[in-house]
Novice: 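One structure follows; several queries about it will come next.
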Amino acid sequence: MNTRIVVSGLLWITLAVIGLSGCSEEHPSVESTESGITQDGDNLDNATVIRINPSDKYQTVEGIGGGIANYESWYCRHPNKKELFDLIFKELEVSMIRIGNWYEKKVSGENPDILKQQKELMDAADLRLGRGNFSVMMSNWLVTPDLIDRPGEKGATLKKNSDGEYMYKEFGEWCRMTLEAYQEAGMTPDYLSMMNEPDGDNSAGNKVCLGYGADNSRKADYGKALEATCEALKDMSDRPKLVGPEVLGIGYGTFGNYYKALNPALLDAAAFHCYHGGNTADYKDNDRYSSAHAFKSEFLNLSRQVGDKPVMMTENCSYHPTVPEDAVNIAHFISNSFRYANAAVYLHWALLWGYADATELKEGGDGCIAVEWPWSSSRWTTEKGYVVRSEFYGLKHFTKYVKPGWRRIGTEFELQETEVVAFQDPDERQIAVILINYSEQKEKTVRLESIGSKEVSSVRKVIRTDTRKDSWYQELKDTDPFVGFVLPAMSVTTVYFKLKTN
């Protein structure tokens with residue numbers, strides 16, 4: 001995969017500083033500049049030192065981005081679709097996109113044009129990013145009713161044949177057939193998940209629940225389905241990397257139970273979602289999404305179980321009405337996934353999401369950009385029929401500057417309610433550091449110190465998202481991160497600089 005460097009020759013440090021607040025206003029996508037903001041603290045001499053150590057090298061980034069796995073027809077029919085595509089591809093500059101395998105929507109007649117619509121979205125990304133600068137992950141969702149034991153019923157699993165055996169072979173062949181259909185339509189995914197959330201309840205009965213090991217008294221086995229899929233795909237010349245088990249969450253031992261019951265050699269990457277898990281006693285206000293700090297222990301356990309295999313966090317969102325603090329929440333989860341789960345990939349659930357009316361828009365928490373009903377502007381609550389939400393900016397602090405091929409490097413700091421994650425480009429000329437100050441009350445005064453690396457050049461740039469001030473992506477002039485600056489409560493800050501070359 002080719003790495004796209006935003007500014008050639010620069011060593012960028014991305015500091016994401018995040019804090020939480022309680023305003024519900026939506027925000028436009030703008031970039032502006034302020035001067036003399038971060039170096040007006042009273043005690044810069046007493047700033048907490050954050051040390052960046054490029055000699056400590058960890059995992060390599062494979063992609064950061066999100067999904068476009070629903071409402072495809074909305075986006076393709078929207079009067080302002082070019083603006084939408086510019087925002088999620090050109091401005092966010094994502095390096096990985098997740099799509100759904102909706103082949104069954106096409107054959108059933110639910111949406112005969114679904115593959116064409118998905119191709120239009122991929123073409124839009126290609127135009128704005130260049131195909132070599134992003135990768136595509138596809139997750140299998142719907143399954144042909146011919147392979148479902150009780151189509152339309154909650155909890156349905158894989159069908160059995162006349163001999164009473166689960167139809168694993170036929171399932172693997174279905175995976176290959178649908179994958180080939182996407183390839184023929186001009187969409188060749190780089191990664192494939194055999195079944196999205198096999199541990200879900202399958203409430204609509206249009207997919208298959210898959211269990212593990214001793215849990216298989218009433219379900220087909222995920223590990224055996226994976227074996228059959230690998231066999232079906234083995235001679236494909238453009239076979240995607242297989243990822244899994246892509247379970248709903250990491251709580252209750254779910255990921256561990258599935259992973260230890262399958263053959264990990266069959267997976268190119270271990271994938272999971274984040275809809276449950278963590279120490280619930282550490283949740284803020286009983287809210288999972290505001291509590292990435294509560295997932296540290298389980299992230300570490302997951303990393304230890306997986307070992308050297310790449311880890312992919314492929315879905316997460318708030319499930320609460322959008323608030324400004326979500327810029328902090330998403331960045332906090334991204335940072336912790338890289339630091340503690342040793343993730344190589346982070347994908348937000350939805351870059352775009354559709355909302356049919358004002359009530360849905362107010363109550364919904366999906367989508368970095370909320371897209372209103374495209375077929376009639378009379379139903380819009382906004383001038384252009386879409387809303388850029390706070391998560392867009394939290395995600396942007398990572399997608400804009402941390403690229404595939406960059407490696408996570410060491411950080412040393414002593415700050416409560418703060419996270420710091422750092423990355424360096426393959427040429428070791430650029431660094432991206434993400435700091436997260438998720439304190440609701442306390443700002444922090446800090447300064448950077450680079451250990452054992454080349455001398456830092458005079459090229460430095462600081463960008464901040466401050467949720468308390470409704471400041472979403474502002475460049476701070478006259479700020480030297482190696483002298484000192486303030487991290488406001490509930491804010492995200494990105495600092496870029498380059499190293500001198502001798």
Side-chain angles (χ1 to χ4, degrees), residues 6-7 9-19 36-59 61 293 296 331-332 334-336 338-340 397-398 400-403 406-439 442-466 475-489 491-502:
V6 179
V7 180
L10 295 185
L11 165 60
W12 296 117
I13 290 187
T14 303
L15 301 108
V17 182
I18 303 181
I37 295 177
T38 55
Q39 292 184 191
D40 57 358
D42 294 332
N43 296 297
L44 287 181
D45 291 339
N46 296 321
T48 299
V49 176
I50 298 169
R51 295 179 175 86
I52 312 303
N53 190 351
S55 64
D56 290 342
K57 301 181 186 301
Y58 301 96
Q59 78 273 28
V61 175
H293 57 280
K296 289 181 184 179
H332 194 185
I334 298 172
S335 175
N336 282 18
F338 279 104
R339 273 180 56 82
Y340 303 108
H397 280 273
F398 289 82
K400 197 73 175 178
Y401 306 107
V402 183
K403 297 301 177 182
W406 288 45
R407 292 188 66 175
R408 183 169 70 88
I409 58 176
T411 57
E412 300 173 16
F413 59 97
E414 294 183 5
L415 284 169
Q416 293 184 344
E417 295 184 293
T418 304
E419 284 292 347
V420 184
V421 62
F423 303 87
Q424 187 172 41
D425 77 310
D427 295 329
E428 299 186 353
R429 297 175 64 189
Q430 304 179 75
I431 289 177
V433 183
I434 319 308
L435 288 92
I436 309 198
N437 174 15
Y438 54 94
S439 170
K442 296 181 179 180
E443 67 177 26
K444 285 84 181 276
T445 304
V446 302
R447 67 178 176 87
L448 297 184
E449 181 177 298
S450 184
I451 302 174
S453 67
K454 301 174 183 178
E455 185 179 353
V456 176
S457 82
S458 60
V459 180
R460 298 158 194 187
K461 189 175 183 180
V462 180
I463 298 173
R464 176 198 283 166
T465 294
D466 186 342
E475 180 180 352
L476 311 181
K477 295 292 188 180
D478 304 319
T479 298
D480 188 342
F482 295 91
V483 173
F485 59 106
V486 174
L487 310 179
S491 66
V492 186
T493 306
T494 299
V495 178
Y496 311 97
F497 66 90
K498 87 174 186 179
L499 296 176
K500 290 184 178 179
T501 57
N502 296 324

Novice: For Arg447, what residues pass the side-chain contact (heavy atoms from CB on, under 4.5 Å) criterion, not counting sequence neighbours?
Specialist: Ala47, Val49, Glu449
Novice: Are Gln416 and Tyr438 close enough that a side-chain donor and a side-chain acceptor fall under 3.5 Å?
Specialist: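 The answer is no; no qualifying pair exists.
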Novice: Tell me the closest heavy-atom pair linking Ser335 and Glu419, and the distance in Å.
Specialist: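 Residues Ser335 and Glu419, closest heavy atoms: OG-CB, 3.8 Å.
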Novice: Of all residues at least two apart in sequence or in a different chain, which pass the side chain to side chain donor-acceptor pair (under 3.5 Å) check with Ser55?
Specialist: Asn53
Novice: Heavy-atom distance under 4.5 Å between the side chains of Lys444 and Glu417, does that happen here?
Specialist: yes
Novice: Would you say the side-chain atoms of Gln59 and Arg408 include a donor-acceptor pair closer than 3.5 Å?
Specialist: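 Note: Gln59 and Arg408 side chains meet the donor-acceptor criterion.
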Novice: Indicate yes or no: at least one non-hydrogen side-chain atom of Val61 is less than 4.5 angstrom from one of Phe398.
Specialist: no
Novice: Please round to the nearest 0.5 Å and tell me the distance separating atom CZ of Arg464 and atom CZ of Phe485.
Specialist: 8.5 Å
Novice: Can you find a side-chain donor-acceptor pair between Arg51 and Ser450 that sits under 3.5 Å?
Specialist: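 No, Ser450 and Arg51 have no side-chain donor paired with an acceptor closer than 3.5 Å.
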Novice: Between Glu428 and Arg407, is there a side-chain heavy-atom distance shorter than 4.5 Å?
Specialist: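 The answer is no, as the side chains (C-beta and beyond) never meet within the 4.5 Å cut-off.
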Novice: Should Glu412 and Ile451 be marked as a side-chain contact (heavy atoms from CB on, under 4.5 Å) after you check the CA-CA gap, both sets of side-chain angles, and the distance that decides it?
Specialist: CA-CA 10 Å; Glu412 300 173 16; Ile451 302 174; 4.2 Å; yes
Novice: Flag the pair Phe338 / Phe423 as yes when their ring centroid distance falls below 6.0 Å, and as no otherwise.
Specialist: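 Here the rings of Phe423 and Phe338 have centres that are less than 6.0 Å from each other.
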Novice: Measure the shortest side-chain to side-chain distance between Val456 and Phe482 over non-hydrogen atoms and say whether it is less than 4.5 angstrom.
Specialist: yes
Novice: Does the side chain of Ile436 reach to within under 4.5 Å of the side chain of Thr418, using non-hydrogen atoms?
Specialist: no
Novice: Which pair of heavy atoms, one from Ser439 and one from Ala489, lies closest together, and at what distance?
Specialist: O-CB, 3.5 Å
Novice: Can you name the closest pair of heavy atoms from Glu443 and Pro488 and give their distance?
Specialist: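 Minimum heavy-atom separation between Glu443 and Pro488: CB-CA, 3.9 Å.
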Novice: Under the rule for salt bridge (charged side-chain N to carboxylate O under 4.0 Å, His left out), what residues qualify as partners of Lys442, not counting sequence neighbours?
Specialist: none
Novice: Considering residues at least two apart in sequence or located in another chain, which fulfil the side chain to side chain donor-acceptor pair (under 3.5 Å) criterion with Asp427?
Specialist: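 Partners of Asp427 by the side chain to side chain donor-acceptor pair (under 3.5 Å) criterion come out as none, since no residue qualifies.
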Novice: Does the distance from a Lys or Arg side-chain N to an Asp or Glu carboxylate O, for Lys403 and Asp425, drop under 4.0 Å?
Specialist: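 Salt bridge flag = no for Asp425 with Lys403.
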Novice: With side-chain contact (heavy atoms from CB on, under 4.5 Å) as the test, would you mind laying out the steps for Asp56 and Ile409 before giving the verdict?
Specialist: CA-CA 5 Å; Asp56 290 342; Ile409 58 176; 5.7 Å; no
Novice: Are Thr479 and Arg460 close enough that some pair of their side-chain heavy atoms sits under 4.5 Å apart?
Specialist: no
Novice: Please say which of Val402, Ile334, Ile463, Ile434 ends up in a side-chain contact (heavy atoms from CB on, under 4.5 Å) with His397.
Specialist: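 Single pass found, and it is Ile463.
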Novice: For Ala422 and Thr411, which heavy atoms make the closest approach, and how far apart are they?
Specialist: CB-CG2, 3.5 Å
Novice: Lys461 and side-chain contact (heavy atoms from CB on, under 4.5 Å): which partner among Glu475, Lys498, Lys477?
Specialist: Glu475
Novice: Distance check, rounded to the nearest 0.5 Å: His293 atom NE2 versus His332 atom NE2?
Specialist: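 Reported value, rounded in 0.5 Å steps: 7.0 Å.
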Novice: Would you compute the distance between atom CD1 of Ile50 and atom CD1 of Ile52 and round it to the nearest 0.5 angstrom?
Specialist: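 Reported value, rounded in 0.5 Å steps: 7.0 Å.
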Novice: According to side-chain contact (heavy atoms from CB on, under 4.5 Å), who are the partners of Thr501, at least two apart in sequence or on a separate chain?
Specialist: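 Result, side-chain contact (heavy atoms from CB on, under 4.5 Å) vs Thr501: Arg429.
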